Amino acid sequence: MLHSSNQQLTLAPKETRNVEVTWTVPDTLALVGMRVKAATERWGDGEQMVIPVLEAASPVIEAQPFFIDPGEEMTVTVPSYSENAHITLETCENPLWYAVMALPTIYSDNDKVATCVAHSLYAQSMAHDLAESHPEIANAIRSWKGDSTVVSMLQQNPNLKIGDLMASPFVGVAQRETLRMRQLSNLLDTTKMDSEHERLITALGKLQQSDGGWTWFSHPGCESSLYTSMGVLELIGEQMLITTDTSDDELNKMAEKGVLYCDNMISNMFSKGEKIDYLDYAYVRSMFPNVEMSKKNKAIHDRSVKEVVAKWKDRSLIDRAYAAIVLYRNDKKDEARKIAQSLREFAVTDNQGMHWENLQEGYAAYYDKVTLTATMLESLALVDPRQDEIAQIHKWMLLMKQSNDWGSSSLAAHAIYALLTTDPGNNWLTDSLGYSVREVTPNETIKFEKKTHPQWGAIYSAYSAPMAEIQAFKTDDLSVTKNFMRYNKDGQLEPFTTLNVGDKVQVRTVIKTNKDMDYVTVTDERAACFEPVDQLSGYRHADWAWYYHETKDSQTNLFFDDLQKGTHVISYDVRVTAPGTFTSGIATIQCQYAPQLTAHSAGKQLKIDNK
């Protein structure tokens, strides 16, 4: 028995009255049983219930990430944290290996869509070629075979994360990524790779029509499509330009037929005066110089190159990158360098590296930023390479890999290839991953020596503190704030100093992120006086972000598959259910793919009147 009391009350018929009991709640109990009985001389009634005891303290995780550029050294001093803080140092001496681990090993089995087959063929050929042409990659893959620690980033370091993976919507994603990583050894299995390559070549051949073009979809009556055919040829051409094996006769024959089909279609369109995208045609043609052109098509091609020279300024940034490549391959290198200079002028260089803010314009809106940036990197590296710029683009791409899942597609293979082939010293892979996690002490000094490749890491502090005393924490890349607004009688939101029982309140979480992130979790600890208006969990949409909203007994959780760079305002409504002074816990946000990207709001006290 923790507490017992009696009160004398006189109630009028149909009268309702609140009864208050004051007692000290021990902090050693998780649950308290309460029994209430009301009785007269003749009648009595009562009830009993179990009430959870919520801690007045919150678990807190803070992190200070750092990045070390190639050729630089750094000394990191561990800050002084609270006495009960558990401090952890996470380091990676060569993060390029994280990109290598993203090599695709699972390919689409959709053999009825030409572009899907072409992307799978590109991914398979690129991944296999990279593994075979870089002995360091082959050796690493052999060492990873059977290694139980080679798992998805979502499954690593659960003690550094705010949530449980098994209680999140990300379980299936983690399992698929781990499966893909465990199958990296297949890239070294020549028999399996040859069989998969043959399957994809056969599927692509079935989709090629008698006129040499590819139909978009395998269905009776579907005809060849110039748009589809040029898309397939782009992938085949890029594959042929960069893979070491060019002896695939079947693929060469298909490509030649496809190029001649495009020549004929462009020639007919030119004769009819139809609109032609000269850049697309010139780019595809620049990858197949050995396929002979007719005299008419040679004239159209020359005109295409002239059109690129004259009108590249009217193009989007990604089209300018392709234009520079086209002009460079057609021996117009001075014009190509002018375009490269234009690309530099639109670039942004900050703590994230060198990148472009507005690449996803027009058709490019359907492409991933990393893939588009890889194309920009290849264009600059080919036309007018400057090692300091290349290093900064590498930095941006690696930091994007840190917080994003590149999936299992040709886009991942393209990005990895761009990173490896534009390495100025061609020695990034000479050092291993060098990943480690260890405990450190306050004021400890850690020195990182110079490397020919980037390094990164983070210092984590995990501790518990009274909710009301917790101060907001943010990083350069991420912040979260939480505030409250009350609905007035007209349903309009207004600020307040004191709340009343029965008030409807909006809990508003403002998230600001300086980079795109995948698999983000937000935990919002509710004050004990708040009861959510919407008790059901489910998917929601706000500020161009889709997320899963989960309502728990004492907190609200938000799960984002992907969270785009920018400011996002997420809100939900609660009712005030009890009077007194309460502490609202903190809202914490963390990228589960890169737990060093974390932030939290401050704790806040709320005063509730019984009116």
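Model, not experiment: these values are computed from the prediction.
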Exercise for the section: Tell me, with the steps shown, if L96 and L420 meet side chain to side chain contact (heavy atoms under 4.5 Å, CB included). Expected result: CA-CA 9 Å; L96 181 65; L420 291 175; 3.6 Å; yes
Problem - Pair R182-V151, side chain to side chain contact (heavy atoms under 4.5 Å, CB included): steps then yes or no - result: CA-CA 8 Å; R182 296 271 170 86; V151 295; 3.2 Å; yes
Exercise for the section: Decide yes or no on side chain to side chain contact (heavy atoms under 4.5 Å, CB included) for Q455 and N94, but give the supporting numbers first. Expected result: CA-CA 5 Å; Q455 305 171 74; N94 192 354; over 6 Å; no
Practice task
Under the side chain to side chain contact (heavy atoms under 4.5 Å, CB included) rule, what do Y283 and R329 come out as? Steps first, then yes or no, please.
Solution key: CA-CA 9 Å; Y283 181 71; R329 289 173 179 171; 3.9 Å; yes
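Of the N and O atoms on the side chains of Q360 and N358, not one donor lies less than 3.5 Å from an acceptor on the other residue.
With values rounded to the nearest 0.5 angstrom, L204 atom CG is found 4.5 Å from M254 atom CE. Interatomic distance, S379 OG to I339 CD1, rounded to the nearest 0.5 Å: 8.0 Å. If you take CD1 on I162 and CD1 on I589, they are separated by 8.0 Å, rounding to the nearest 0.5 Å. Put simply, NE2 on H414 and OG1 on T373 are 10.0 Å apart, with the number rounded to the nearest 0.5 Å. Summarising the geometry, atom CD belonging to Q352 is positioned 7.5 Å from atom NZ belonging to K565; distances are rounded to the nearest 0.5 Å. To the nearest 0.5 Å, atom CD of residue Q592 and atom CG of residue L160 are 10.5 Å apart.
Counting only distance, with no hydrogens or angles, the side chain of N404 and the backbone of W406 share no donor-acceptor pair below 3.5 Å. Of the possible donor and acceptor atoms, none in the side chain of H541 sits under 3.5 Å from a partner among the backbone N and O of W546. A distance-only check finds a donor-acceptor pair linking the side chain of N139 to the backbone of P135 [under 3.5 Å]. In this structure, Q124 contributes its side chain and M193 its backbone to a donor-acceptor pair below 3.5 Å. Between the S195 side chain and the T191 main chain, no donor and acceptor come within less than 3.5 Å of each other. In this structure a side-chain-to-backbone donor-acceptor pair under 3.5 Å is present from S229 to W214.
A cation-pi contact links K333 to Y328, judged by a cut-off of 6.0 Å to the six-membered ring centre and 45° from its axis.
Under a 4.0 Å N-O distance rule, the pair K401/D368 does not qualify as a salt bridge. With respect to the salt-bridge test (charged N to carboxylate O, under 4.0 angstrom), the residues E389 and R344 qualify. Ion pair E335/K332 not flagged as a salt bridge, since none of the NZ, NE, NH1 or NH2 atoms sits closer than 4.0 Å to an Asp/Glu carboxylate oxygen. A salt bridge is absent between K253 and E250: the closest approach of a Lys/Arg side-chain nitrogen to an acidic carboxylate oxygen does not fall below 4.0 angstrom. Contact check on K311 versus D314 returns no salt bridge, with no Lys/Arg side-chain nitrogen under 4.0 Å from an Asp/Glu carboxylate oxygen. At a threshold of 4.0 Å, the pair D194-K192 does not count as salt-bridged, since none of the basic side-chain nitrogens sits closer than that to a carboxylate oxygen. No salt bridge links K206 with D111; every basic N to acidic carboxylate O contact stays at or beyond 4.0 Å. Comment: E73 does not engage K451 in a salt bridge, judged by the lack of any side-chain N to carboxylate O separation of less than 4.0 angstrom.
Ring geometry, Y548 versus F559: the interplanar angle falls from 30° to 60°, so the pair is classed tilted. Taking the six-membered ring where tryptophan is involved, the planes of Y98 and Y435 are perpendicular, since the angle between them exceeds 60° and thus also 30°. By the 30° and 60° cut-offs, the orientation of the rings of W97 relative to W144 is perpendicular.
Heavy-atom contacts from other residues, nucleotides or ligands closer than 6.0 Å to NZ of K338 number 12 or fewer. Other residues, nucleotides and ligands contribute only 12 or fewer heavy atoms inside 6.0 Å of the OH atom of Y367. Under a cut-off of 6.0 angstrom, the local environment of NZ in K450 is sparse, with at most 12 non-hydrogen atoms contributed by other residues, nucleotides or ligands.
Applying the side-chain contact (heavy atoms from CB on, under 4.5 Å) test to S479 and every residue at least two apart in sequence or in another chain returns K474, K512. Applying the side-chain contact (heavy atoms from CB on, under 4.5 Å) rule to T91 yields the partners F66, L89, S436, F448; only residues at least two apart in sequence or on another chain are considered. Evaluation of the side-chain contact (heavy atoms from CB on, under 4.5 Å) rule for S225 yields Y227, T228 as partners, not counting sequence neighbours.
When side chains are defined from C-beta on, I511 does not count as touching T567, because their heavy atoms never get closer than 4.5 Å.
Between D476 and N514, the closest heavy-atom pair is O-CB, 3.8 Å.
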